[in-house]
There are 2 protein chains.
Amino acid sequence: MTKDYRQFCGLARAAGVLGERWALLVVRDLTLGPRRFKDLGEGLPGVPTSVLTARLRELEQMGIVERRAAQQPGGGVVYTLTPYGAELTPILDRLGRWGAQRMSVPAPDEIITSSSLAAALRAAYRPGAITAATFSIHVGPASAWAAVDGSEVTVDVGLPESTPALIIHGGPQFRLLLAGRLSAAEAITSGAVEIEGPHAVLEDFVRAFHVPLDDVIGTP
Amino acid sequence: MTKDYRQFCGLARAAGVLGERWALLVVRDLTLGPRRFKDLGEGLPGVPTSVLTARLRELEQMGIVERRAAQQPGGGVVYTLTPYGAELTPILDRLGRWGAQRMSVPAPDEIITSSSLAAALRAAYRPGAITAATFSIHVGPASAWAAVDGSEVTVDVGLPESTPALIIHGGPQFRLLLAGRLSAAEAITSGAVEIEGPHAVLEDFVRAFHVPLDDVIGTP
DNA sequence: CGGAATCCAAAACGATACTG
DNA sequence: CAGTATCGTTTTGGATTCCG
């Protein structure tokens, strides 16, 4: 449990916990807010309950995750990030952007989860482009929303509470829109995305949310 | 080889490569500069050559590491980070600082490698405290140096080329100096560190290199 | 719902030895 | 120096089932 490198090194510690299978994705999902065991399991297709339990215990023991009784609907248990764990958020955002640089279009067997979409939106946010707006995004089976207010952005899975300025339905090409490889206009005319709302708001969206994409040279 | 989460997610990609055993530490060592196979192996006590090879191949395949023929002494092979891989440096620095927050004093079985020391110094650097100086640091069997010049810092293992303004020999308590739990004066009088050079330069050092340390509450 | 318990299979790690 | 090859052992991941 929890890899041990026997090195007195902050990075080795981090690698020890977060390098375990599924650990980083569990934390990613928890950066969006408190989650139940079941939510985590469903949001991470392929995790056996036994592994999820193990990861949560380890993260708990390292002070990253906290296990609490849920007050509201139905009681039960929720997992949250501790303040220490929450400090990972900006780091994971950067790491996620780094990894996304080489991701153009989903492979046939790759899925998009709502949590990954929400986290990607948060990581993609560039303050200053727009002042305020709420977006509702659907990509394949995944749904998330992002609410911009000044330099802040709030994201989560599912649907926004307030009515969004724009609803976007995107397909596999959605990534290219975030990369600027497709302009807002192109994305619409090509059918890469369909929107409910004004075209101009989609222009706002692409200005506010951006993740560059490398020209990847084939490996000769 | 290379964990697969089947998710179209930058973080999942990153976790796939960097989550493999030893991978993050290999990258850490390479952020310091080109390294030979043997250097990496010796700097990572416990890695079998077979595993090291596997990790290097994976990192190479992901475009993070490049394998080149060494020009200079003796020929052979060196591994370097690609530009893409080098982009990880600031991220790993942040992750390392995050992990170090809960590390006060090395456990009896924890070692300090020269690479981890050098990387820790880089991560600990706060621009603005001093204008220029070179430090030579020894902690246990590990040796590294850091050269400050304006807002830039350069670090590596071993000894600096130019004569340092200060040589520091630290013991297990060295971490507390970086955390500010020990003042420069206290560190010297308590014997936590021994220095060759002016006391005042050690004051400079602690101002320029700092990694906070959490008050960790026992787990009740 | 929130897990604990079992069990099997497959990696993958670590050690060691050996080669170009 | 820079690995490859082999191999036994240990993990641990994944699937399934069951329980409070």
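Here the structure is a predicted model, which means the values were calculated and not measured. Basis for what follows: all heavy atoms, side chains included, without hydrogens, waters or symmetry-related copies. Order of the sequence lines fixes the chain letters, A, B, ..., with proteins taken first and strands second; residue numbering starts at 1 for each chain.
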I'd like to check the ring-ring contact (aromatic ring centres under 6.0 Å, His included) partners of [X]; sequence neighbours left out, ordered by chain and number.
{"X": "A:Y84", "answer": "B:W98"}
{"X": "A:H210", "answer": "none"}
{"X": "B:F37", "answer": "none"}

Pairs flagged by salt bridge (Lys or Arg N to Asp or Glu O under 4.0 Å) wherever residues 36-45 of chain A is involved - sequence neighbours left out: A:K38-A:E42
Test side chain to side chain donor-acceptor pair (under 3.5 Å) applied to B:R175 - qualifying residues, sequence neighbours left out: none
For [X], check salt bridge (charged side-chain N to carboxylate O under 4.0 Å, His left out) against everything at least two apart and list the hits.
{"X": "B:D214", "answer": "B:R102"}
{"X": "B:E66", "answer": "none"}
{"X": "B:E87", "answer": "none"}

Pairs of donor and acceptor atoms involving the side chains of residues 16-35 of chain A, under 3.5 Å and at least two apart or interchain, shall be tabulated with distances.
from	atom 1	to	atom 2	distance (Å)
A:E20	OE2	A:K3	N	3.1
A:R21	NH2	B:D4	O	3.3
A:R28	NH1	B:Q7	OE1	3.0
A:R28	NH2	B:Q7	OE1	3.1
A:D29	OD2	A:S115	OG	3.4
A:T31	OG1	A:R28	O	2.5
A:T31	OG1	A:R122	NH1	3.3
A:T31	OG1	A:R122	NH2	3.0
A:R35	NH2	A:D156	OD1	2.8

Members of residues 26-40 of chain A that approach DNA chain C, where some heavy atom sits under 4.0 Å away: A:R36, A:F37, A:K38
For chain B, the stretch of DNA chain D it reaches, first to last nucleotide, under 4.0 Å of its heavy atoms: D:dC1 to D:dT4
Nucleic acid footprint by protein, nucleotides 4-20 of chain C - heavy-atom cut-off 4.0 Å, B for base, S for sugar-phosphate alone: BB------SSBB-----
Check: A:S136 side chain, A:L159 main-chain N or O, donor-acceptor pair, under 3.5 Å: no
